Amino acid sequence: MDIRPIIKGVIAKNCNPEGCRKSIQSQIHQLQQLPAISTGPKKVLVIGASSGLGLATRISLAFGGRADTIGISYERPPSGEKSGTAGWFNNLAFTEAAEKEGLIAKNFVGDAYSEPMQQQVVDYIRSEFEGSIDCIVYSLAAGVRPRPDGSGFWKSSLKPVGEPFAGNIINIEKDQIQPVSMPPASPEEVQETVKVMGGENWEEWIRCLDSNNLLARGVKTIAFSYIGSDVTYPIYFGGTMGQAKLHLHDTSDRLNKFLSKHQGEAHIGVSTALVSKASVFIPGFSCYMMALSRVLKQKGEYETSVAHMHRMMKDFLFHPEGVKTDENRLIRADDRELNPEVQAEIFRLIDKVTAENFRSDQYADYSGFIEEFMGLSGFTAKDRVFPETIASQEPALN
Ligand code: NAI
Ligand code: NA
């Protein structure tokens, strides 16, 4: 079947189901070439399992550690003219491959913020999953969270705090770099971002599993954070998202104490910047990720999402001698990105990237970025067609 990608700005509106399946199979294959986790969990719940870090972690724990997994995600099946979302097909492909290996892979599709979802998952663990949960991965990235009283939604924002911010995004539809400026967030926008992307819902899940006696002795839970560098600070860690991440970090400390009765632990895994549905929205991020990938590839230190999350699981969270953290109790899988040499090189390169030269791969890894982005929806870079390109036989410049 010949499916053309439909891209609006930085959003892929459709996907290629067969491409998604192949991509999952290839990620599983990659993982199987890596050393396995020797002391990993066996009964895992992944909240936000259908794409990005959650999916990569699920692949790591299942295929690199032989864990049974439950995955929760918010995805759409195909209906009528609509292709369904990539995450829907990722779930199907993951389950097919896991079951072939004799592993349980159960999917729940719906709103992870809601109580009925908690109840369904609890009922399933009790009646069919056999055994209590020894690892909970919390990896939601959502734009909104329904208010529990039914009065609409909290909305998350990607904005600076205190001062305005100006940066570029790569408009993937038009193949252009576009300047974006952002006013600072209002106090309400900060609060709502914390409600959506902070730790409240993570804590609700852990308390719910605990009160239903479903947590195993030695249980570990992890949620993912991004800290980044001076380049990304004003728009990320110093912005609304950083406020939500600080709340997530505080929650991990609270949960860590709470779980001590199970000899359990709660952690924050600080990840490197990865191309995802969400990260291409953040002003300044795309060019930063292109420069980062170029530098890491040159150093032979570049990791795919699945390799990165497997390293976080194997060498940090499930290290045989205990969890590896920094002095602030954070897991720092972002060590390669934040290496001062790497940062200095990113600074040097990013300055040279312009709206005219960015497609040339001269200073940054544009091809890699596009391939990653298209791959999220089961496409390849070659699937993109630009009307201007056909008309003039030249790439469109802005
Ligand atoms: P993603 O968009 O690829 O994955 C989000 C997942 O959450 C999907 O499985 C989606 O279906 C699910 N989801 C969203 N709303 C839901 C809802 N209401 N109910 C149930 N499931 C829902 O995002 P990504 O990038 O993997 O982000 C996951 C976490 O990792 C976030 O906390 C993000 O801040 C963090 N992170 C991401 C980095 C990156 O560079 N992409 C870097 C460091 C941390
Ligand atoms: Na995820």
Side-chain angles (χ1 to χ4, degrees), residues 27-47 49 53-71 94 97-98 101-105 129-139 202 206 209-210 214-225 227 248-249 252-253 255-272 274 300-339:
Q27 291 175 56
I28 292 171
H29 181 75
Q30 262 178 54
L31 202 280
Q32 286 168 332
Q33 313 307 306
L34 300 171
I37 304 167
S38 56
T39 50
K42 296 297 169 221
K43 291 285 184 182
V44 177
L45 171 63
V46 183
I47 303 167
L53 278 56
L55 171 62
T57 307
R58 191 182 193 186
I59 292 174
S60 160
L61 297 177
F63 294 91
R66 292 210 54 81
D68 291 330
T69 57
I70 301 172
F94 175 88
E101 292 285 317
L103 300 169
I104 300 173
F129 199 54
E130 290 179 359
S132 39
I133 302 294
D134 57 5
C135 177
I136 302 100
V137 176
Y138 187 82
S139 186
W202 181 24
I206 300 301
L209 294 167
D210 172 68
L214 294 174
L215 295 178
R217 201 174 173 74
V219 61
K220 284 181 181 160
T221 185
I222 189 166
F224 302 125
S225 186
I227 293 177
L248 199 68
H249 298 190
S252 93
D253 291 334
L255 287 176
N256 197 51
K257 294 199 185 90
F258 178 73
L259 291 174
S260 64
K261 62 180 175 179
H262 301 290
Q263 245 101 65
E265 292 175 56
H267 290 280
I268 292 293
V270 185
S271 161
T272 194
L274 294 165
E301 291 185 357
Y302 176 81
E303 294 171 306
T304 60
S305 303
V306 89
H308 182 68
M309 298 318 285
H310 188 58
R311 186 165 64 91
M312 192 192 285
M313 294 301 119
K314 185 174 79 59
D315 297 349
F316 291 88
L317 187 63
F318 296 106
H319 192 287
E321 287 156 23
V323 185
K324 296 279 173 221
T325 65
D326 71 3
E327 66 281 8
N328 299 314
R329 230 179 56 75
L330 300 170
I331 288 174
R332 301 306 298 259
D334 59 347
D335 48 354
R336 297 179 181 185
E337 172 177 344
L338 294 192
N339 172 351

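What you see is a predicted model, and the numbers here were worked out from it, not measured in a lab.
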Has [X] got a side-chain atom pairing as donor or acceptor with [Y]'s backbone, closer than 3.5 angstrom?
{"X": "K42", "Y": "G65", "value": "yes"}
{"X": "T221", "Y": "I136", "value": "yes"}
{"X": "N328", "Y": "L330", "value": "no"}
{"X": "Q33", "Y": "H29", "value": "yes"}

Would you name the heavy atoms of [X] and [Y] that are closest together and state the gap between them?
{"X": "A49", "Y": "G71", "value": "CB-CA, 3.5 Å"}
{"X": "H308", "Y": "T272", "value": "NE2-N, 3.1 Å"}
{"X": "I268", "Y": "L248", "value": "CD1-O, 3.6 Å"}
{"X": "T69", "Y": "R58", "value": "OG1-NE, 3.0 Å"}
{"X": "D68", "Y": "I104", "value": "OD1-N, 2.8 Å"}
{"X": "L215", "Y": "S132", "value": "C-CB, 3.9 Å"}

I need the [X] [atom1] to [Y] [atom2] distance, nearest 0.5 Å.
{"X": "L31", "Y": "F63", "atom1": "CG", "atom2": "CZ", "value": "8.0 Å"}
{"X": "I206", "Y": "F258", "atom1": "CD1", "atom2": "CZ", "value": "8.5 Å"}
{"X": "I222", "Y": "L255", "atom1": "CD1", "atom2": "CG", "value": "12.5 Å"}
{"X": "H267", "Y": "S252", "atom1": "NE2", "atom2": "OG", "value": "8.0 Å"}

| Ion pair E130/K43, N-O distance below 4.0 Å |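 Salt bridge flag = no for K43 with E130.
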| query | Hey, is D253 close enough to R329 for a salt bridge, meaning N to O under 4.0 Å? | reply |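 A salt bridge is present here (some side-chain N lies under 4.0 Å from a carboxylate O).
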| task | With side chain to side chain contact (heavy atoms under 4.5 Å, CB included) as the test, would you mind laying out the steps for E265 and L317 before giving the verdict? | result | CA-CA 10 Å; E265 292 175 56; L317 187 63; over 6 Å; no
Any side-chain heavy atom of [X] sitting closer than 4.5 Å to one from [Y]?
{"X": "D210", "Y": "H262", "answer": "yes"}
{"X": "L34", "Y": "K314", "answer": "no"}
{"X": "L45", "Y": "L209", "answer": "yes"}

| query | Any side-chain donor paired with an acceptor under 3.5 Å for H249 and S225? | reply | yes
| field | Passing candidate, side chain to side chain contact (heavy atoms under 4.5 Å, CB included) with M309, options T304, L61, T57 | value | T57
| message | As a test of understanding, state which of M312, K324, M313 forms a side chain to side chain contact (heavy atoms under 4.5 Å, CB included) with F318. | response | M313
| message | Test side chain to side chain contact (heavy atoms under 4.5 Å, CB included) on H310 and I37; report intermediate values, then the result. | response | CA-CA 8 Å; H310 188 58; I37 304 167; 3.6 Å; yes
| task | Kindly indicate, with the supporting measurements, whether the criterion side chain to side chain contact (heavy atoms under 4.5 Å, CB included) is fulfilled by F316 and D335. | result | CA-CA 12 Å; F316 291 88; D335 48 354; 4.3 Å; yes
